[in-house]
Engineer: 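I am attaching a structure below and will ask some questions about it afterwards.
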There are 2 protein chains.
Amino acid sequence: MPKQAAAEPPELAGCCSALTAEPLTTDEAEVLSQRFKALGDPVRLRLLSLIASHEGGEACVCELTTGFDLSGPTISHHLRVLREAGLIDGQRRGTWIYYRVLPEALRTLSQALRPAAAMI
Amino acid sequence: MPKQAAAEPPELAGCCSALTAEPLTTDEAEVLSQRFKALGDPVRLRLLSLIASHEGGEACVCELTTGFDLSGPTISHHLRVLREAGLIDGQRRGTWIYYRVLPEALRTLSQALRPAAAMI
DNA sequence: GCGCTGATTTGAAGACTGTCAAGGTAGAAG
DNA sequence: CTTCTACCTTGACAGTCTTCAAATCAGCGC
């Protein structure tokens with residue numbers, strides 16, 4: 001795993017309630033918006049999608065850099081943002097570092113956006 | 001409805017597939033990331049939550065500005081970002097402007113983040 | 001018409017973000 | 001130990017975003 005000083009995945013505040021059911025608290029909004037912000041870049045979304053849909057649920061960085069017209073450091077930067085948002089996790093195996101998505105985090109976001117039953 | 005030049009809600013590219021099932025195309029990532037970026041700010045998330053959870057499914061701007069330590073123009077700016085992302089819609093009734101969420105847009109995002117069945 | 005209230009637009013300042021080149025680390029192989 | 005590959009970090013720059021004050025627009029009532 002990369003060295004990387006701080007960057008614990010943030011707590012899942014109020015994990016299961018929908019955004020649409022009742023107003024978010026300031027703290028909940030802070031945590032959720034940090035994750036949505038991480039998804040708010042097309043490169044990061046594609047990276048996440050590539051990792052999630054890759055065979056075995058994980059992908060090596062070398063498999064991610066191809067397919068982007070971006071430098072290695074830039075891909076590395078985006079992976080770090082996804083990691084610090086608690087959306088993915090990296091593991092070193094030999095020379096390569098493999099990333100996988102943390103499904104629980106995706107589920108939390110998906111749930112938060114689920115429209116309230118009364119609204120449909 | 002506010003004047004506002006361009007800003008049609010963007011097309012729902014590939015509306016129902018999950019991010020985790022197969023890699024996003026560049027275009028899909030562009031559309032989705034624009035919406036996630038709009039959610040990537042705690043103020044906007046709270047605004048969306050306030051509107052969605054408000055009685056009747058809609059809220060007047062005057063009801064939104066209270067509860068934030070922000071100027072009117074700033075709230076207006078965030079509402080515009082949400083509107084241009086296709087997440088909310090505004091309607092003028094007399095002196096007041098009422099905003100409501102577009103549930104379809106939320107559903108699209110929620111679906112995109114739904115973890116693949118095989119992953120759980 | 002004039003003024004008042006609610007909401008947006010404009011313009012500007014400061015903070016933040018995406019990107020790359022250059023340099024640094026970690027493990028494997030000679 | 002030296003070198004090579006894979007990946008990360010640092011430093012810097014251009015572009016974008018958040019915020020506010022000031023000005024503007026839209027409707028209502030006098």
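Naming convention: chains lettered A, B, ... in sequence-line order (proteins, then strands); numbering from 1 in each chain. Just so it is clear, the structure is predicted and the values come from calculations on it, not from any experiment.
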Engineer: Could you check how far CZ of R44(A) sits from C1' of dT17(C), rounded to whole Å?
Structural biologist: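 After rounding, the reported distance stands at 8 Å.
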
Engineer: Could you state the interatomic distance from CG (L113(B)) to CZ (R107(A)), rounded to the nearest 0.5 Å?
Structural biologist: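 It is 12.5 Å, given to the nearest 0.5 Å.
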
Engineer: Could you run through nucleotides 11-16 of chain D and give me one letter per nucleotide, 5' to 3': B if any protein heavy atom sits under 4.0 Å from the base, S if only the sugar-phosphate is that close, - if neither?
Structural biologist: ------

Engineer: Is it possible for you to check whether R83(A) lies under 6.0 Å from the centre of the six-membered ring of Y99(A), through NZ or CZ, and within 45° of that ring's axis?
Structural biologist: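 No, R83(A) and Y99(A) do not form such a contact.
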
Engineer: Under the side chain to side chain contact (heavy atoms under 4.5 Å, CB included) rule, what do L87(A) and L39(A) come out as? Steps first, then yes or no, please.
Structural biologist: CA-CA 9 Å; L87(A) 294 169; L39(A) 297 178; 3.8 Å; yes

Engineer: Step by step, work out the side chain to side chain contact (heavy atoms under 4.5 Å, CB included) result for R93(B) and E58(B).
Structural biologist: CA-CA 12 Å; R93(B) 287 210 293 277; E58(B) 63 181 11; 2.6 Å; yes

Engineer: Check the distance between dG18(C)'s P and E84(A)'s CD and give it to me in whole angstrom.
Structural biologist: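 Nearest whole value for this atom pair: 12 Å.
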
Engineer: What pairs with E22(B) under side-chain contact (heavy atoms from CB on, under 4.5 Å), at least two apart in sequence or on another chain?
Structural biologist: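 Scan of E22(B) (side-chain contact (heavy atoms from CB on, under 4.5 Å), adjacent residues dropped) gives none.
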
Engineer: If you restrict it to nitrogen or oxygen atoms, what contacts under 3.5 Å exist between nucleotides 27-29 of chain C and the protein, and what is each distance?
Structural biologist:
none

Engineer: Give a yes or no on whether the backbone of G94(A) and the side-chain of R92(A) come within a donor-acceptor separation of less than 3.5 Å.
Structural biologist: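 Yes: the side chain of R92(A) pairs with the backbone of G94(A).
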
Engineer: I would like to know whether L109(A) and L32(A) meet side chain to side chain contact (heavy atoms under 4.5 Å, CB included); could you show each step before the answer?
Structural biologist: CA-CA 7 Å; L109(A) 296 181; L32(A) 283 176; 3.6 Å; yes

Engineer: Whole-Å distance between dA12(C) P and H77(B) NE2?
Structural biologist: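 So the two atoms are 17 Å apart, to the nearest Å.
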
Engineer: Under 4.0 Å: is that the gap between some side-chain N or O of H78(A) and OP1 or OP2 of dG18(C)?
Structural biologist: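 The answer is no; no side-chain N or O of H78(A) sits under 4.0 Å from OP1 or OP2.
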
Engineer: May I have the distance from R80(A) (atom CZ) to dC16(C) (atom C1'), rounded to whole angstrom?
Structural biologist: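 Rounded to the whole Å, the gap is 15 Å.
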
Engineer: What is the separation between atom CG on D41(A) and atom P on dC16(C), rounded to the nearest whole Å?
Structural biologist: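 After rounding, the reported distance stands at 18 Å.
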
Engineer: Mind checking what makes side-chain contact (heavy atoms from CB on, under 4.5 Å) contact with L50(A), not counting sequence neighbours?
Structural biologist: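 L50(A) satisfies side-chain contact (heavy atoms from CB on, under 4.5 Å) with L64(A), F68(A), P23(B) only.
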
Engineer: What residues form a side-chain contact (heavy atoms from CB on, under 4.5 Å) with S33(B), not counting sequence neighbours?
Structural biologist: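 side-chain contact (heavy atoms from CB on, under 4.5 Å) list for S33(B), sorted by chain: P42(A), L45(A).
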
Engineer: Can you tell me if the side-chain N/O atoms of Y99(A) get under 4.0 Å from OP1 or OP2 in dC8(D)?
Structural biologist: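 True: Y99(A) side-chain N/O within range (under 4.0 Å) of dC8(D) OP1/OP2.
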
Engineer: Counting heavy atoms from C-beta on, name the nucleotide in dT8(C), dT19(C), dG6(C) closest to the side chain of S76(B).
Structural biologist: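 Selected nucleotide (nearest to the side chain): dT8(C).
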
Engineer: List in numerical order all residues of residues 65-75 of chain A for which some heavy atom is under 4.0 Å away from an atom belonging to DNA chain C.
Structural biologist: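 Going residue by residue through residues 65-75 of chain A, the ones with a heavy atom under 4.0 Å of DNA chain C turn out to be D69(A), L70(A), S71(A), P73(A), T74(A).
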
Engineer: As an exercise, state the distance from CG of L82(A) to CZ of R80(A), rounded to the nearest 0.5 Å.
Structural biologist: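 These two atoms lie 12.5 Å from each other.
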
Engineer: With a 4.0 Å cut-off, would you call R100(B) and D89(B) a salt bridge?
Structural biologist: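 Salt bridge flag = yes for D89(B) with R100(B).
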
Engineer: Measure from CG on L47(B) to P on dT18(D) and round the result to the nearest Å.
Structural biologist: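 These atoms are roughly 12 Å apart.
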
Engineer: In whole Å, what is the span from the CD atom of E63(A) to the C1' atom of dC7(D)?
Structural biologist: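 Those two atoms, CD and C1', are 14 Å apart.
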
Engineer: Nearest of dT9(C), dT19(D), dA7(C) to any side-chain atom of I97(B)?
Structural biologist: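 Output: dA7(C).
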
Engineer: With nearest nucleotide decided by heavy atoms, which residue, V43(A) or V61(B), maps closer to the 5′ end of DNA chain C?
Structural biologist: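 That would be V61(B).
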
Engineer: Test I88(B) against L47(B) for side chain to side chain contact (heavy atoms under 4.5 Å, CB included), laying out the working first.
Structural biologist: CA-CA 10 Å; I88(B) 64 175; L47(B) 281 172; over 6 Å; no

Engineer: I need the CG-C1' distance between L82(B) and dT18(D), as an integer number of Å.
Structural biologist: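 L82(B) atom CG is separated from dT18(D) atom C1' by 14 Å.
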
